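These values consider heavy atoms only, across backbone and side chains, with no hydrogens, waters or symmetry-generated copies. Convention: sequence-line order gives letters A, B, ...; per-chain numbering from 1. This one's a predicted model, so the numbers in the text were calculated from it and none came from an experiment.
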Amino acid sequence: MINNLLKYGLLFIGLTILQIFVLNGINFLRYATPFIYIYFLIKLPVGISRNLLLFLGFVLGFVIDVFCNTPGINAGASVLAAFLRPYLIKSLATLDVAENREPSLYLFGLQPFLRYIAVMILIHHAALLLLESFSLFNWQILLLRIPACSLFTFVLIWAAEGLTGNQRKR
Amino acid sequence: MQNLINFLIRYNTWLFFVVLEIVCLTLVFTFNPYQQSIYISSANQVSGKFYTAMSRFSGYFNLRSINEDLLEQNGMLQQKVLMLEQYIENNMKDSVNDAIFTNPQNKKYEFVPVHVISNSVTRINNYITLNKGSKDGLQPEMGVIDQNGVVGVISNVSENYSIVIPILNSKFRLSAKLKKNNYFGSLVWDGKDPLYAVLEELPRHASFAAGDTIVTSGYSDVFPDGIIIGTVDSHTKQHDDNFYAVKVLLAVDFSKLGNVLVIKDKSRLEQKALEAQTSQDK
């Protein structure tokens with residue numbers, strides 16, 4: 001339990017710092033910015049209480065918002081992703097949902113896990129970029145940005161997953 | 001009553017979700033950068049400290065190019081000073097106006113050098129955080145420039161930090177004009193490219209060519225007249241066909257801002273008071 005608390009605490013802090021100070025400055029080909037902090041929501045244990053999941057999603061997004069001067073935008077997108085997560089897991093993986101383990105390649109199997117990450121990222125990014133573009137709507141840019149950012153985030157998360165997965169095998 | 005409580009217990013997750021989303025959406029839609037609470041912004045004590053610490057490292061990255069810019073600027077200024085000195089000397093003997101140059105009260109503007117501690121160019125609404133605030137006399141609606149040209153306007157100030165709305169923000173709007181013939185329009189950002197902004201509402205009969213300089217008009221009290229914003233890149237007709245929309249290549253490279261200057265206008269309070277008085281008289 002305490003082990004988990006420490007692990008997820010570090011993950012939270014690490015991801016927010018990475019997001020705020022490094023990734024927010026990246027604008028690959030002027031369209032793609034990765035939002036890797038969603039990885040925290042992806043990795044929370046499968047059996048986590050849904051209210052706690054929502055609350056953590058809100059806190060995570062809000063911290064990012066404070067640093068980026070975008071009140072509500074990141075928080076709204078994270079809460080939506082956190083809300084849809086249990087349904088997504090239920091529909092993708094045939095496993096005991098009460099299980100208190102973190103989502104991983106082992107637990108889900110390759111295809112469902114890939115789909116799980118991809119859909120989480122898509123939900124979050126679509127909501128985030130849509131909310132952001134309310135002040136200046138330009139659907140061409142929006143249509144370009146959602147897949148571009150999602151792809152970028154997906155690559156980064158898959159890389160992070162590869163790194164941590166290998167560690168566990170040893 | 002019992003049913004209601006049962007309903008609430010049964011759907012507590014849904015309820016919690018809806019409440020959180022309402023909080024978020026309220027934040028999104030009531031957000032006004034000019035009335036923003038300092039606590040939920042990058043100018044609060046915690047995030048300000050974080051950004052200050054990080055900028056100590058990242059501040060070194062662009063030093064070489066910033067140095068080159070400064071040297072160039074320095075050279076130009078030196079030239080200007082020489083020219084002005086010569087001008088004063090030539091006109092000294094017969095001019096009554098030399099008081100203009102020596103009277104300290106005519107130093108209308110004061111420039112405060114500050115350091116950028118956080119900055120973004122990737123969003124639709126970008127913001128810059130500076131490492132000085134009300135303690136150093138900064139106030140909302142002061143103009144910010146760097147050695148190349150206009151950066152933005154201060155929107156919010158805490159004791160030690162302040163937030164700037166740069167040109168690269170959909171909420172930014174600035175009156176600007178063509179330097180050579182004073183036709184003016186209003187400068188906005190279309191959210192597409194951090195290198196370009198758009199000068200809208202330029203009259204159709206205004207003549208200009210690619211490469212012409214765009215400067216501040218001086219109609220607002222935020223920037224003095226004639227500070228460089230950028231150069232004309234290309235133009236299109238606006239939807240109602242009576243105005244041009246000009247694509248402007250910005251003079252400032254927002255992706256490598258390091259040190260900027262805040263313009264303190266000493267006569268501004270006076271102007272404000274006068275304007276307030278006039279509107280009361282009406």
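Counting heavy atoms from C-beta on, the side chains of A/Leu131 and B/Leu25 come closer than 4.5 Å. Looking at heavy atoms from C-beta onward, B/Asn125 lies out of side-chain contact with A/Asn69 at the 4.5 angstrom threshold. Contact check for A/Phe55 versus B/Phe16: side-chain heavy atoms found under the 4.5 Å cut-off. Using a 4.5 Å heavy-atom threshold, the side chains of A/Phe58 and B/Cys24 count as touching.
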Legend entry - Trace of the ring pair (Phe, Tyr, Trp, His ring centres under 6.0 Å) decision for B/Tyr51 with A/Phe67: CA-CA 9 Å; B/Tyr51 275 132; A/Phe67 277 90; 5.4 Å; yes
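Counting only N and O atoms by type, the side chains of A/Asn51 and B/Asn12 include a donor and acceptor under 3.5 Å apart.
Checked by atom type and distance alone, the side chain of B/Glu21 pairs as donor or acceptor with a backbone atom of A/Leu80 at under 3.5 Å.
More than 12 non-hydrogen atoms from other residues, nucleotides or ligands lie less than 6.0 angstrom from CZ of A/Phe152. The environment of B/Trp14 atom CH2 is sparse: at most 12 non-hydrogen atoms of other residues, nucleotides or ligands sit within 6.0 angstrom.
For the residue pair A/Leu54 and B/Thr13, the shortest heavy atom distance occurs at CD1-O, 3.6 Å. Across all their heavy atoms, B/Val28 and A/Ile73 have their closest contact at CG2-N, 3.7 Å.
A distance of 6.0 Å separates CZ in A/Phe62 from CG in B/Leu27, rounded to the nearest 0.5 Å.
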